Amino acid sequence: MGRQAATSKQITHRLSRAPAKGPTVFIEKQRSAMRLVALSREAVAQNLEHGLTLADARARVPNLVAMERDMVADADWLERLADFCDRYTPLVALDEEDGLIMDITGCAHLFGGEAALREDLAQRLTHAGMTLVSALAGTPDAARAIARFGGGAIVPAGNEPDAAAPLSVDALDMGHETARALSRAGLATLGDLASRPRTPLAARFGQALPTKLARLLGEDDISITPRRPLPPCTVERRFGEPIGREEDVMATLAHLMGEAGSMLEARGEGGRAFELSLFRTDGAVRRLRVETSLALRQAGPIVRLFQDRIDTLADPLDPGFGYDLIRLAVLVSAPFEQPQVSLDGHQAALADIAALIDRLTTRLGREAVLRFVASDTHIPERAVYMVPAKDYEDARKAQGDDGENKSWPAPLPGDPPSRPIHLFEHPQPIEAVAEIPDGPPLKFRWRRVLHEVARAEGPERIAPEWWQQDTPLPTRDYYRVEDADGRRFWLFREGLYQRETNQPSWFVHGVFA
Amino acid sequence: MQQQTLAQKPTLEALKRVCAQDQPAPHGHISLGTEELDEAVGGGLARGALHDLYAPHTTSLAAMAGFACGILQRSGKLDPKPSLWVRQHVASFEVGRLHAPGFTQLGPVLDTLVLVNTRTVADLLAAGLEAARCTALGTVVLELWNRAGELDLTITRRLALAAEQSGVTVLMLQVAAQPLPSAAITRWQVTPAPSRPMAANAPGHPSFDLTLLRNRAGKTGQRWRVEWQHETGQFQSVPSSSRTALSRRLVSLSGSRPVGPPDGKAGSYQQADYAQALARTG
């Protein structure tokens, strides 16, 4: 049984510098009329309600200030508030479009107790311009109901039935009809429902009602779905005086990495993905992520990778008024392989290469550092695919070969190479003169240069994979040609003369060494 | 007098530096498989050093890449370490991407090759410098496409120093109108050459025309024609006598013209003329 806190907010927008001329409301088009969806305190004081049409509201309060609701901006703002609440606990979930549910089991003691945590949260969010209602309870549904319908409170453990009893049956969220039916039956609060036997309720209103009731009364506990998965290992440092200089941040990172390293060592693991979260005093959160190919736990290489990442950020770090919380999370951990001291230093060399690949990947991007993996097809442009160097080992294991590359076409002994070293992604069209039906070209023009063919070999017929296509693509006859200056090309004719087309077209696909 | 002597007295560090400069190749050589080539550069391509491969035109880029492949294979035989090839994205659009089957057929093992694609020349040189400092690599190949004034003596000097300290052989491939000043130990101009034909007039093994433009271990200006034999893994020098005299297609004589005159004199004149024509084109 954990402790949950729920906050319900009425989003009040910080308007322009000039004071508002009247009560502020937000409107949205619902059921073919502009209706009020959010009201400020003055608007509530003037007896305006949710769902009232704008025309009616204007009739009652002539100096109403109405603004169109921006759902995208609201959602974005809620996400940022959730990021801010990350400082209290990593398990934060969004609750509809104006609430958050946080699981603070085991976190409250870091802030001086549950009441102190709630007070701190309320203070910071009020300072950010929000009005909020929060409640703490043992189950998420109970906390949510008490926050939304009960005005917010701290419910001691086990007291959920008493705290939920005075709530009206609207808290069940079962719809207008059910609420009316219940009130007609004389059941106005959850306390009334609790004392009744559940089976007739299920018979009359469906099984959903007793289930929800059980949850609201704290009898059933569910776990929330947090926005971000819980990392295996987290270390953090809070600052009484916020820090802003990059050197201080890196020094803190080194220290945190040392602590995380000893935690990983105790488990016999190393980390493969690390995330650094920098929490600013004004609530903004910046996250930086770094990945490695081997499981590491030493501070030095990780700090260097983060330094590389910070150096190559498109949007430089802006500390604002300073960071008051820095957190390092190990997102992915893997069993750590002790480097065996082998006689030829092989393991150390592998680790060096892995570190170089990590640095290049951090600086240039994941898709910039690649290795070759053979693919099981004879179509030249698909015969090989490139895999980011980090995923190379996994890709090879997935292919299922035992350490040897799948074989590509090899020339006969004594023959020159049959595949070019440079291949164009898209074959380039050329004009060629050749004997029909399948003679090699005599001369061809490519990029406005005429090449006279001195030697040629071919055709090598590469037919398309008929099992892959519905409409058959033309066959390709490949020729290795050498021109008068000694340049060697890989040309092909697309389409067999008179069997597939009367006007076969010629292309250059690659250049040999 | 005393102070002057002190200032002129060489320190141990200065002496070490001077000696290191004279020492030709502290990490050894990659022999190219032909004695004349190896002798000309003092035993082969020096390992742990920077070498330039230069071509005047983009059509020679594939030949340079093939030459680099040959060097990769020979270096891999000496010391099986992984290698790195750094290119620019632009090159893939202009001359095509590196095709792995063609690569393996030329010799190098692909399991240990890492390809890096960068957007700008600055990124390429930074990646090359980073790789040149990694002792676990064997060879690094930098394929520069568009220098745009970013390559200068300082950067090449840094590359050369890093290569010396780590023992990594760095090959820099550039295509330019004029070769730029650089701190490389050797500079080769590589262009494709007509190959010795196989049966039925098929193109033969990859052949290159090499010109040694800069050589710290000896003279420059020599030219060779070499053929890369991927099975033996050697660059074989092609002597001029075995090169085919005719590099153009023969135009066949029409059937109605007499091949030779009935009497000997005019026939021999015609043959001599033909021989002269051969000599000019071959």
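Naming: A, B, ... by sequence-line order, numbering from 1 per chain. Since we're looking at a predicted model, the values are computed, not measured.
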Region of [X] that comes under 4.5 Å of a non-hydrogen atom in chain A:
{"X": "B/A200", "value": "backbone"}
{"X": "B/T59", "value": "both"}
{"X": "B/H230", "value": "side chain"}
{"X": "B/E231", "value": "side chain"}
{"X": "B/A91", "value": "neither"}

State the [atom1]-[atom2] distance between [X] and [Y], to the nearest 0.5 angstrom.
{"X": "B/M64", "Y": "A/I421", "atom1": "CE", "atom2": "CD1", "result": "11.0 Å"}
{"X": "A/W490", "Y": "B/H99", "atom1": "CH2", "atom2": "NE2", "result": "5.5 Å"}
{"X": "B/T135", "Y": "A/L356", "atom1": "OG1", "atom2": "CG", "result": "10.0 Å"}
{"X": "B/L98", "Y": "A/H422", "atom1": "CG", "atom2": "NE2", "result": "5.0 Å"}

- Keeping the roles fixed (side chain from A/E457, backbone from B/N201), state whether a donor-acceptor pair exists under 3.5 Å.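 Absent.
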
- Message: Looking at A/E482 and B/S195, would you say the former's side chain and the latter's main chain have a donor-acceptor pair under 3.5 Å?
- Response: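 Yes, A/E482 side chain to B/S195 backbone: donor-acceptor pair under 3.5 Å.
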
- Message: Under a 4.5 Å cutoff for heavy-atom pairs, which residue among B/A193, B/A63, B/G66, B/G70 has the most contacts with chain A?
- Response: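 Of the candidates given, the most pairs with chain A belong to B/A193.
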
- Quick one: which of A/V511, A/L370, A/V369 has the most heavy-atom pairs under 4.5 Å with chain B, could you say?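 Of the options given, most contacts go to A/L370.
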
- Item | Closest approach of B/A126 to A/R363 (non-hydrogen atoms, all atoms of both residues) |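 The pair with the smallest heavy-atom distance is CB-NH1, 4.1 Å.
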
- Message: Ignoring hydrogens, what is the shortest heavy-atom contact between B/Q105 and A/S418? Give both atom names and the distance.
- Response: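 Of all heavy-atom pairs spanning B/Q105 and A/S418, the closest is OE1-N, 2.7 Å.
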
- Item | Part of A/V481 within contact of chain B (heavy atom distance under 4.5 Å) |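 The answer is the backbone of A/V481.
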
- Task: Please look at A/R480 and chain B and tell me whether the side chain, the backbone, both or neither of the residue comes under 4.5 angstrom of a heavy atom of that chain.
- Result: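 Contact with chain B is through both the backbone and side chain of A/R480.
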
- Item | Candidate list A/L364, A/I357, A/T361, test side-chain contact (heavy atoms from CB on, under 4.5 Å), partner B/V116, passing option |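 With B/V116 as partner, A/L364, A/I357, A/T361 yield a single side-chain contact (heavy atoms from CB on, under 4.5 Å), made by A/L364.
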
